[in-house]
Structure formats: structure tokens, C-alpha cells
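Some notes on the structure that comes next.
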Amino acid sequence: MAFDPSSDYPLGTRRPDLVFTPGGVPLARVTLDAVREGELTAAEIRATPATLRMQAEVALAAGRTQLAESFERAAELAAVPDELLLEVYTALRPRRATAAELEEWAARLDGFDASMTAGFVREAAAAYAERGLLADG
Amino acid sequence: MASRRFSSRATRDLHLEQLVSPVPDLGLVAANGPNDPEPELVVEGDAVTRMDGRDAAEFDVIDRFVVAHGLDLVVAAEAMAYDDLALARMLVDVNVLRADLVRLSRGLTPAKLARVIGQLDPVELMVALKKLRARRAPGNQAHVTNLKESPALLAADAAEAARRGFAEMETTVGVARYAPLNAIALLVGSQAGRPGAMTQCAVEERRNLELAIRGLVTYAETLSVYGTEPVFVDGDDTPWSKAFLGAAYASRGVKVRFTSGTGSEALMGYAQGLSMLYLEARCLAVVRAAGSQGVQNGSISCVALVLSVPGGTRAILGENVLAAWLDLEVASGNDAIASHSEIRKTAKLMGQFLPGTDFVTSGYSVMPRHDNTFGGGNFDADDLDEWLTIQRDWQVDAGIEPVSEEELLLVRDRAARAVQAVFAELGLPPISDDEVDVATSGYDAREMPDRDRAADVEAADDLLSRGVSGLDVALALDRSGFGDVAEAVLGMQRQRVSADYLQTSAVIDADGVVRSAVNDPNAYAGPGTGYRLEGERWELLQSLPQVAVPAELLGDSAPAAPTVSDGKVASRGDDAAEVVVAVGPAFADSIRRTISDLDHRDVLDAVCAGVREGGGEPRLVRVRRVADVAFIAHEAARLSGSGVAIGLQSKGTAVIHRADLQPLDNLELFGMSPLYTLESYRAMGRNAAGYALGKRVGPVPTELDNFARAKLIVRTTLLHARETQAVVPGADSVELSLVGAAVS
């Protein structure tokens, strides 16, 4: 059955068939037994980009445009390594990065198919330039 | 000249606080500030060229971010055209749907939002909050910390918080390296208390994200935003960096709530002459634009500053309403200490308590204030019975449940043992049985045995380098016989995979079902709609441990050996020295003792002895047709040879009466029965004899205890009910004689 964002929430209880771990283990198999048997590792315990996109659709169906956008960014960032995530965050803090450096981070995000978030970083760079929030070059 | 009353009041706790007159230039003005801009939105093509007093070229980062992500320009044309008052009235109109108001809010500028909220008085704000809250049922959040960072005590307190119904609980660290240990203690304790309770450990973002990635915490609310650019930048962030961080947390399956609140800009020195409420409107516009599902607001740590200016409490309620209007989950403050005055603090609380918010407090201190390392503890463990009683008084659900001492001791013990087992399984420094015992039944961390803190932090570092995760915690519990807690911890891991709790106002019930504004929205539309405290939940919230069963309150009413005997119908006496001592229908019969616990026989002996000392002659009578003390005494006076009598109610209230007075008049009334001793009753007898013999009589000195009524009114009512049940309508009064020996 196709996903219906206005009636299939919560996914965990209404549509567990649509939810998988990053390694493809179905939600119903995320059990203590599976952990005991070593089928699941800590890296498997997270939402996939597909799940986060379904949550974005749920938010949008409820009229929450910006929340949906944040979940879309989250879906992109799900594939981005922890360290890169923290480096981009640091670069976005005031006067940490030059325009060129922010463009480099945006390009790195593009490399992870995170184009929406990359655009967000470029938009920040433009605003920072206007407000003196870039690092001295 | 000085007034002793002014100097007395000056010693009250309230006067430890500084009140100030408004200084708008410093941002010390609650709402509707003289420098706040006129609401304004100019759109050319699809570009905003002017907003709230600024041209696009002058827009700061906040304006830019709100314009780029927060404003719906299609709605704006319609929404900005509304008159302020018209919008304000729609907020309180139960016939205007929440959804319509949320839609309009998407097109309003911060100045307009603040202006509209500024039109509402406190009761209107409460109605608006009740209507605009995102989730159907209110909830609450707990603080769980202790000064020694004792894991057993953290787990026990987390378990208590979860069992008491807190949907979320928050800990932090005194020493940053403790974070993983505290997070584990909270995770294990919370799940031992009630599966589904969500936890967070408030630490620096990088550490926080690491704990989240490992499945040791499920939510974060450390993302602070501010209403002016200089303060935002001093906070070392921008709207873009915070929005990015919010998405980063969500990408790791962490529920995110931003934090803002009135007063922070003034405190940090760059309020730019703007009112607290207007600046908070700017914060909230950023929060929504950033795509946060919710916000912790209500002044939070600056609450005492906001309360120093006129209208501060109202402005704080206003900011909660504003957040709800913007469709955000609201954790509504009441965590940091708002006032030294218990009266003032509680009065402030009512704004959120009565209408209900997603989390009535952003942190109710489950442990005593001394152990609250957030600098919180506005309401703490010692205040719990008051909180529960006020819920019961108002028939309001403010998110905390009564639990018996016996049950809590079991829950706390089990949680402490569970974390003890996890520490052992994970090779962490051991938790002793002594620690478990004190954590279960002790008062605060001062009683806890000291731990080797150096060993703890080393173990915490090692834990991180070993990559210990929520799954390892579940396995450790499973191996050590805590299968149900293991399942609950695993359940929280499963929640991270489905990510349902990222939606607005999400909490998780004990069956693992997520309830949020999506599947359990607030649909309040006036009386008879929305969340109402009734049925089983109301039964639960009124059943406090200290509630007595009325039938049991008067103690054992098993018949004892009689001490008086009723005789023939009483006739009028003719001895001029006679004082009739008349008792009520239940006296020394179905009631045996006064409210001050004097045996009725002893009371009669004392009164009669007093009458004789005064030169009179007592005669005992029982009045059967009435239970009111004035009528008992007046009836007795009409039977008395002297015309003077004493009437005694079974609870101990007494009146000296005279036959020629109106029934409700009297010679002396003794209404403070809880204070009387046998000597008091003896003095009443002496005085009655004095009146009978026409002597000069000084009234019996009486004491006053204005609290006696509050303390004893229930017992009084029950005793009086027993007396009225013994009334025989129309029956004559009868002679009464003493039988057997006096009791004491």
C-alpha cells in the first residue's frame, strides 16, 4: 500500500512496513532478539533519508512548511558523516569562515547529494557578507 | 516616623527582590515599548522591501532569515490587513478555528504578532493558550540532577519522574566528562519508571550530538536564539547556524526544541531599546522559520529580570501564547526560580498551569532544590504535594501524577539496581548496595556515599572510546535480569528508526505509541470540547496519598461502655441556683469525644464541678430535637430554674445562655472547641453559676486560632453530621444521669 502522509502517522505503529534501518532491516525486526543475535549494530539504529522524507511529507500534510524543510535537510544530512556535520556547523557560526570557505563547505555538501542544505549554506554566506559575519579573508 | 507594619512587610521574602520602573532604552520594558516599530510589510513583486520599520538594505540577520524562511507572502497580504484588535479577538473566539489562526500567523511580521498579543489581558491570554496549544493533552518535563552526579540517585529520580507521568526529563553535568554516565543513568532510570519517557542531557552541542548518535538521549533543547543581532552573535550563532544544527539533530533522530525567552537581550546588553515581548516575537519568528517543531520559552533563566518590570508576568504568558499561535510546541518555563515569594511564584505559575501547555514547566525539579544543578528548582520535590493538591483543587491536569510512597520506593529501588547492573556489565566503576539503598529512600545527594570521581570520569571517557551505545545498555539489562527495562530501552532505539517523535509536540506513551500534534491535535473550541480532566484520569489525579476516607476519619465508633443514661422527659426546674447543663443528641453516645479529644464524661464532670464551685447546682439534660448549639443552650435555659444554662455540642462547642434572650443571642459563646481543656469547661461552669446567681462575671478568657477552622473543618463537619443524624425531630428533652465512674 502506498504511503499516505495524512493518515499513516505514526509510521512506527501504523506503517512499520515502510520503515527500515540503513542496512535494510525492517522495523519489526528491531528487537532484543535481533540484537542478541548480533543482527543489529548501533550504526543501524537511526532513521534513513527515506524515513525522514516521509516525516517531511507528514509535516507538510499538516501544514508545517518549515518543519518539513528542516526534515528535508535532515534527510540530506543523514548521509553526511558526523565530523563533517560538526565542521559545517562550526563554519556557519559568526565570523568563522570566509565566503570562499563557506562555498567549499557547500560544495562538500553537494558531494553528498545535499543540495538543499548546500543552498542553505550559500544563502547564509550571502547574508553574512551583508552583515559583516564572515571571517576576515 | 516609621510604621511597624511597613517594617514587618519589609522582612518578607518578596523584598529580597528588586522591582524597577521601566527603562525602555535598556530594554527594561515588558511589552508595547515606546520604541517598538509599527507593524509594516511592503512587498514589491515577490521581494520584501520593508518590514517593521526597516528597509531591506538595513535588515539584520534575523530580519533576513525571517523574510527568507518564515513569512508566507501569499497569506501576508490578507493577514497584515487585519486590525490588531480584530486579530486579538479571533485569538479568544472559540468559533475561530486554531488552524485558521495558525495560517494567518504565517503572514504576520514580528511587530504585528507582538502588537496583537499585547492587546490581551491575562484571562484572555489563558483562553488563547488553551485554544492554541498544539497537542491535545498538557504534559510536563522534569529536571533530574544531583550535586554528586551519583548514577544510582539519578536513575532513582528519573524513575520517579517517569512514574509520576513526566513525558520528558532533562539532566546536565557539573563536570562535562560525566555526560555519558549521566545520560545512561537517566536512560535506564526513566525506562525502569515508565517505558517511553524521553530524556536529554544538556551539554555542549558536539557532546550532545555524540550522545544522541549513540542512542543514549532522545531530545535536545539547547538551541538558543535571541531577538537582536548583537546578542545572537554574542551567543556565537546565527539563525542559519542554529537551523542547520536543528536539522543535524533531526538527521540523527533527535527531537529538537529551540530555546528563547523574554529578558535575555536586556540581560546581555543589546536590547536596542525594544520591548521584551517584541524581541521574543522576533525570536519565535526565527524558531518557526528554522523549522523547529517547538520552543522552550517563558523567559526561562531571565524570569526574575522580566518580573522586575511592570506587566512582566503577563508578558511571559504572552510569549507562550505567541509560540503556540505560531504552531510551535511550548515548554513554558516555570523552571528557573521566579521569586523568593511562594505567593508570587505560584501566582505566576497559574498562567500556564490553568490553561495547560505541552510542558507546563521546562523542568520540574523531581529532587530537592539543593540538588538542582540547572539553577532551577522553582518547584521541587518538597512542593510536590502542593502541586498535586492544586491540580485537584482546580480539576486541572498539569502533568504530574500522585504515586504512593510504597510504590515509589519499589520503583526507585529497581531503577537504582538496574543502573547498578548496567555499570557492572559495562565494566564501569561499581555502584554499591549502600548507594542503591540511599538513592531509594534518602532525601538528597548529601546523604549519598562519595564515589571515586576520578575513576568515574576516566570510565566515561573510555565508554565513549569503546563506542558503547543504547543497544549495549539494553543488552546489559537483558543479561542481568532486567528484561522489561531492556525492552523499554530497545523501544527507545526503535523510536529513533521510525523518527515519529520528531513531529510537533510529540511524546511517547507507555505502549510506545507516539502522540503528537499530528495524530492527537488540540481541537479546543469551547466548553465541552478539547482536553477535559474527567473519567479515569480525574480519578487518578484526585486520589492523593493523603486523602482520607471520611468514614475512617472519626476513628473507631465501636460502642464503649455507657457513661450516661437518658431518663424521663425533663421538666422546668424551680431552684433559683440551678444551672442546666444540656448536651446534644449524640453526646456521650454515638460521639464520645470532643474535637480536642476530651472524653465527654470528663467534660461533663468538669462543667458540673465548675457550676458547683460557682455556687450553683448543675442538672444534666439531653436535648434531642436539635443539634445547633445555640438552640440546645436556649432550650436548656428555658428548663433551668435560674433561667441560665450551658449547652454543649458533641464536638465541644459550648454556649452559656439565658431564657429571656433570643435563641441566637447568648451570654458567652465558646466556638474554639479545638483549643479547650477540661479547665476551660470548668471555667465555663463557674461563669454560668455566676450568671445564675446574679454575680458580676468576667467572661472566660478565650484564645483565638484562625487556622483551626482550616485544619479541622472536615472533622467538624463529620462530627456535626453524626450529631444531626442523632436528632429526633420534635422529641422532648430528657433528664440525663451519669453512670459508672469517670473515665479519667
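Labels below follow one simple rule: chain letters A, B, ... track the order of the sequence lines, proteins then strands, and each chain is numbered from 1. What you see is a predicted model, and the numbers here were worked out from it, not measured in a lab.
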**Q.** Worked verdict on T51(A) versus V497(B) for side-chain contact (heavy atoms from CB on, under 4.5 Å)
**A.** CA-CA 8 Å; T51(A) 299; V497(B) 177; 5.8 Å; no
**Q.** Heavy-atom contact with chain B under 4.5 Å, split by part of S7(A)
**A.** neither
Q | Sidechain N-carboxylate O distance under 4.0 Å for R96(A), D236(B) | A | yes
Q: Indicate the atoms forming the closest heavy-atom contact of R106(B) with G63(A), along with that distance.
A: NH2-O, 3.0 Å
**Q.** Within residues 43-59 of chain A or reaching into it, pairs that qualify as salt bridge (charged side-chain N to carboxylate O under 4.0 Å, His left out) - sequence neighbours excluded
**A.** R53(A)-E72(A)
Q.
Please find the pair of heavy atoms, one from S70(A) and one from G246(B), that lie closest to each other, and give the distance.
A. OG-C, 4.5 Å
Q: Over all heavy atoms of both residues, which pair between R131(A) and F59(B) is shortest? Give the atoms and the distance, please.
A: CD-O, 3.3 Å
Q. Contact part of R14(A) toward chain B, heavy-atom cut-off under 4.5 Å: side chain, backbone, both or neither?
A. neither
**Q.** Heavy-atom pairs under 4.5 Å with chain A, option from H69(B), Q293(B), R252(B), E487(B) with the top count
**A.** R252(B)
Q.
Using every non-hydrogen atom in the two residues, find where R64(A) and A517(B) come nearest and quote the distance to one decimal.
A. NH2-CB, 3.5 Å
Q. Any side-chain heavy-atom pair from V233(B) and L133(A) closer than 4.5 angstrom?
A. yes
(Q) Please classify the contact between F71(A) and chain B as side chain, backbone, both or neither, with a heavy-atom cut-off of under 4.5 Å. (A) side chain
Q.
Heavy atom to heavy atom, less than 4.5 Å: which residues from residues 470-478 of chain B reach chain A?
A. L471(B), A474(B), L475(B), D478(B)
**Q.** Contacting moiety of Y249(B), where chain A heavy atoms sit under 4.5 Å
**A.** neither
Q) Checking R64(B) against chain A: side chain, backbone, both or neither under 4.5 Å from a heavy atom? A) side chain
Q. Which one of F244(B), F65(B), W240(B), F232(B) has the most heavy-atom pairs closer than 4.5 Å to chain A?
A. W240(B)
Q.
Just to verify, which of L502(B), T504(B), L328(B) counts as forming a side-chain contact (heavy atoms from CB on, under 4.5 Å) with L67(A)?
A. T504(B)
Q | Shortest non-hydrogen contact from A74(A) toward A250(B) | A | CB-CB, 3.7 Å
(Q) I'd like to verify something: which residue of L27(A), T21(A), T48(A), L18(A) has the highest number of heavy-atom pairs under 4.5 Å with chain B? (A) L27(A)
(Q) Quick check on R479(B) against chain A: is it the side chain, the backbone, both or neither that has a heavy atom closer than 4.5 Å? (A) neither
Q) Quick one: what part of A290(B) sits under 4.5 Å from any heavy atom of chain A, side chain, backbone, both or neither? A) backbone
**Q.** Heavy-atom pair of closest approach, residues S241(B) and Y128(A)
**A.** N-OH, 3.9 Å
Q.
Given heavy-atom pairs under 4.5 angstrom as the criterion, report whether the side chain, backbone, both or neither of E229(B) touches chain A.
A. side chain
**Q.** Donor-acceptor pair, side chain of Y9(A) and main chain of D500(B), under 3.5 angstrom
**A.** yes
Q) Between CD of Q493(B) and CG of L32(A), what distance do you get to the nearest 0.5 Å? A) 10.5 Å
